[in-house]
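Proteins come first, then strands; the chains are lettered A, B, ... in the order of their sequence lines, and each starts at number 1. Bear in mind that the values here come from a model prediction, so they are computed numbers and not experimental data.
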Amino acid sequence: MRLSRYFLPTLKEDPKEAQIASHRLMLRAGMIRQSSAGIYSWLPMGFKVMKKIEQIVREEQNRAGALEILMPTMQPADLWRESGRYDDYGKEMLRITDRHERDMLYGPTNEEQVTDIFRSHVRSYKNLPLNLYHIQWKFRDEVRPRFGIMRGREFLMKDAYSFDLDYEGAKTAYNNMFVAYLKTFSRLGLNAIPLRAETGPIGGDLSHEFIILADTGESEVFYHKDLLTLETPTETNYTAEELQGIVDKWTSYYAAADDMHDPANCDVSEADLVSRRGIEVGHIFHFGDKYSKAMGATVAGPEGKDVVVSMGSYGIGVSRLVGGIIEASHDDDGIIWPESVAPFNVGLINLKSGDEACDAACEDFYGKLTNLDIEVLYDDTSGRAGEKFANMDLIGLPWQATIGPRGVKSGVVEVKNRATGEKQELGLDDALQLLAGRN
RNA sequence: CGGGGCGUAGCACAGCCUGGUAGUGCGCUCGCUUUGGGAGCGAGAGGUCGCAAGUUCGAAUCUUGCCGCCCCGACCA
């Protein structure tokens, strides 16, 4: 992509409403545009990153055996009356009346909707286990949206819902998602920590939040320092026992958010206990028959009797992750994208656009990178060097390749690693090889 | 929802107290000079001063009402 043909409205100065790094940087890097409080348009580069995150989430859900569907954003109130949540939910739920005076709502979540789909199509235990997920926009009318995309009112979420015959099955479904989450966050370049979460009135121990570490995190977390040294599982088809083993291992280390942390009850020595701030990016939850019972989601069991299915739900905040990743990975100059979600792999800087030799060298290099399926943002504009460098640092592409009059003469390109700041002058072929190897 | 603050050009702001033809910096357009970390000079474009009513000869400025946005707290992916 040539920058001269792209839409990347970057800002030199900080918009005053942006208080935290991700919000500030997303606005400055031209990723989003606020429409109203907590509601944003996604501009090309922001959208591209979000789509990459979404795709990684999707691939790991698919690998885990979940099936993608798409449920609507607008839901009928009647479904929510069945579960009793229409009255319970409060003002966070955006209620809308259609032209026929029917009560509708913009979905803040989809348990009712998916349970309705399940009960009307699944009759036998033989069709279980089943896990349906979708990646869809949700709306929660937060009293006070803030932090840009991190806590907006409209947000993109992946929600998976599992259906099993009994608790044992549901537990395996839960463990399966637990492991899928470890893989997902690892691929996103994040250190995610599973925290035991409040299970509310349902009880049990099957609820975990996944948080990523960032200084601006919303809550304080405490965890055993060895937790971050655990290896992320990589295989695809684990047995129920293997899944349980992985989950047991990951949950054997102490990890708690401030609301669950009790110093008196924490057996980790002070030297091993780490305290940092975290951002919640995922939540998995077993809720048993809460919705299936209220809404009559049953299947015929092996003995021919109807059984109320056991359910769980598993969310990942896809749009929130865009901000979350920036919170976890930036410096004073701008964003530092992990390679897996970077909008482009390489930023190619032409230091003297209009200079025949420079243009030719850049065009050649650009073509070669593109032919290797490397996504390149080629700054072919007539801007000044400093401006181009600063802009490239701001948008945070993992690699920068700079070609200027000086380098053209000696046939070299300067390659800079955005994360480490390390620069090296390489011949064109060596530079290609380096960048291709990283792709 | 309690408390506080702010709405003036794409962005950041001054002007308001003490009413009198709407400004500065950055960005944008054109020209010349520059050119390896956010250049210089010159010439331009761009604003219903959030909206409405009121006071006044005259309102960005004073009064009232409304709307929007931000921050702290409580609450949440």
Side-chain angles (χ1 to χ4, degrees), chain A residues 9-20 23-24 27-28 30 33-39 57 89-93 107-110 135-160 181 192 195 197-198 200 207-212 217-219 257 259 278-285 313-324 332-334 349-355 358 379 381-394 400 402-410 412-414 416 421 423 425:
Chain A
T10 56
L11 298 172
K12 197 166 165 180
E13 291 170 90
D14 290 334
K16 73 168 172 182
E17 74 268 21
Q19 299 298 311
I20 62 164
H23 190 194
R24 201 178 68 235
L27 289 170
R28 284 195 53 204
R33 157 84 187 169
Q34 180 166 336
S35 168
S36 62
I39 302 178
V57 170
Y89 217 91
K91 292 181 112 173
E92 282 191 351
M93 183 156 79
T109 182
N110 296 77
I135 299 172
Q136 176 64 292
W137 291 93
K138 294 184 163 189
F139 193 91
R140 288 187 196 164
D141 200 0
E142 299 281 347
V143 228
R144 194 187 154 212
R146 66 183 108 173
F147 307 146
I149 219 65
M150 298 277 289
R151 191 161 160 210
R153 292 194 289 173
E154 189 182 50
F155 52 97
L156 187 65
M157 279 206 65
K158 184 283 297 181
D159 276 289
Y181 275 34
L195 301 180
E198 203 61 72
S207 177
H208 286 88
E209 286 176 8
F210 285 77
I211 60 106
I212 57 177
E218 65 224 330
S219 56
D259 58 329
I279 299 167
E280 183 180 356
V281 290
H283 198 159
I284 59 178
F285 197 80
S313 72
Y314 317 91
I316 290 180
V318 175
S319 52
R320 169 178 272 199
L321 271 167
V322 181
D332 288 346
D333 295 325
I349 297 176
N350 183 342
L351 275 184
K352 194 164 184 180
S353 195
D355 177 273
C358 244
D379 186 347
T381 65
S382 58
R384 303 174 59 79
E387 181 180 353
K388 292 191 174 195
F389 288 132
N391 228 24
M392 216 41 105
D393 285 345
L394 171 64
Q400 296 171 16
T402 302
I403 294 180
R406 230 158 59 192
V408 166
K409 272 187 204 148
S410 42
V412 299
V413 48
E414 182 186 275
K416 172 178 157 181
K423 296 177 193 168
E425 295 216 325

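- Residues forming a ring pair (Phe, Tyr, Trp, His ring centres under 6.0 Å) with A/Y314 (at least two apart in sequence, or on another chain): none.
- If you check every strand for non-hydrogen atoms under 4.0 Å, A/E218 touches nothing.
- Going from the P atom of B/C69 to that of B/U64 covers 24 Å, rounded to whole Å.
- Atom P of B/G47 sits at a distance of 10 Å from the matching atom of B/A9, rounded to the whole Å.
- Atom CZ in A/F139 sits about 16 Å away from atom P in B/A77, given to the nearest Å.
- Remark: the separation of the P atoms in B/G19 and B/G58 is 15 Å, to the nearest Å.
- Pair check for B/G42 finds B/C30; Watson-Crick or G-U wobble, both atom distances under 3.5 Å.
- If you check B/A77, B/C75, B/G36 against the side chain of A/M157, the one that comes closest is B/A77.
- Base contact: A/T402 has a heavy atom under 4.0 Å from a base atom.
- The nearest whole Å value for the distance from the CG atom in A/D379 to the C1' atom in B/G36 is 14 Å.
- Between B/C6 and B/A12, the two C1' atoms lie 14 Å apart (nearest whole Å).
- A/K416 is linked by a salt bridge (charged side-chain N to carboxylate O under 4.0 Å, His left out) to A/D393, counting only residues two or more places apart in sequence or in another chain.
- Taking atom CG on A/L27 and atom P on B/C69, their separation rounds to 15 Å, with Å as the unit.
- Across B/G44 and B/G4, the matching P atoms stand 48 Å from one another, rounded to whole Å.
- When the P atom is used for both B/U21 and B/C49, the distance is 15 Å, rounded to whole Å.
- The side-chain contact (heavy atoms from CB on, under 4.5 Å) check on A/E154 picks up A/I39, A/Y106, A/W137, A/F139, with sequence neighbours excluded.
- Under the side chain to side chain donor-acceptor pair (under 3.5 Å) criterion, A/E414 pairs with no residue at all, not counting sequence neighbours.
- Under the side chain to side chain donor-acceptor pair (under 3.5 Å) criterion, A/D379 pairs with A/T381, not counting sequence neighbours.
- Regarding A/R153, its CZ atom lies at a distance of 11 Å from the C1' atom of B/C69, rounded to whole Å.
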Taking protein heavy atoms under 4.0 Å as touching, what does nucleotides 38-43 of chain B look like 5' to 3' if B marks base contact, S marks sugar-phosphate-only contact and - marks none? BB----
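- Spacing between B/U55 and B/C62 at atom C1', rounded to whole Å, works out to 8 Å.
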Reading nucleotides 44-52 of chain B from the 5' end, what letters show protein touch, with B for base, S for backbone sugar-phosphate only, - for no heavy atom under 4.0 Å? ---------
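- Note on A/E13: a base of the nucleic acid sits closer than 4.0 angstrom, heavy atoms only.
- Contact annotation for A/D14: backbone-only contact, meaning every heavy-atom pair under 4.0 Å involves sugar-phosphate atoms and none involves a base.
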In sequence, state the C-alpha distance, the side-chain angles, and the governing distance for A/R28 and A/D14, and then conclude on salt bridge (charged side-chain N to carboxylate O under 4.0 Å, His left out). CA-CA 7 Å; A/R28 284 195 53 204; A/D14 290 334; 3.7 Å; yes
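- Between the CZ atom of A/R24 and the P atom of B/C11 there is a distance of 18 Å, rounded to whole Å.
- Contact annotation for A/G152: base contact, defined as any heavy-atom pair under 4.0 Å involving a base atom.
- A/K91 comes within 4.0 angstrom of the backbone, heavy atoms only, and of no base.
- Taking atom CD1 of residue A/I212 and atom P of nucleotide B/A77, one finds them 15 Å apart after rounding to whole Å.
- Within 4.0 Å of A/G315, counting heavy atoms only, lies no atom of the nucleic acid at all.
- When each of A/H23 and A/E92 is assigned the nucleotide of RNA chain B with its nearest heavy atom, A/H23 is the one assigned upstream, toward the 5' end.
- The NZ atom of A/K423 sits 8 Å away from the C1' atom of B/G37 (whole-angstrom rounding).
- Contacts of A/G407 with the nucleic acid, taken as non-hydrogen atoms under 4.0 Å apart, include base atoms.
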Restricting to nitrogen or oxygen on both sides, can you table the protein-nucleotides 72-74 of chain B pairs closer than 3.5 Å?
residue : atom : partner : partner atom : Å
B/C72   : OP2  : A/R144  : NH1          : 3.3
B/C72   : OP2  : A/R144  : NH2          : 2.3
B/A74   : N6   : A/R146  : NH2          : 2.5

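- Nucleic acid contact class of A/K158 (heavy atoms, under 4.0 Å, all strands): none.
- Summary of the strand contacts: A/K416 and A/A37 both lie near RNA chain B, and taking for each the nucleotide with the nearest heavy atom, the more 5' one is attributed to A/K416.
- With sequence neighbours excluded, the residues forming a side-chain contact (heavy atoms from CB on, under 4.5 Å) with A/A18 are A/H23, A/R24, A/L27, listed by chain and number.
- For A/S313, the side-chain contact (heavy atoms from CB on, under 4.5 Å) partners are A/E111, A/Y161, A/F285, A/F287, not counting sequence neighbours.
- A search for side-chain contact (heavy atoms from CB on, under 4.5 Å) contacts involving A/V408 returns A/A357, A/C358, A/A361, A/I403, not counting sequence neighbours.
- Comparing B/U34 with B/C41, their C1' atoms are spaced 11 Å from each other, to the whole Å.
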Every protein N/O within reach of nucleotides 3-9 of chain B N/O, cut-off under 3.5 Å:
residue : atom : partner : partner atom : Å
B/C6    : O2'  : A/K16   : NZ           : 3.2

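- Counting to the nearest Å, the P atom of B/G68 and the CD atom of A/Q34 are 13 Å from each other.
- Summarising the base pairing, B/G25 is matched to B/C11 through a Watson-Crick or G-U wobble pair whose two defining distances lie under 3.5 Å.
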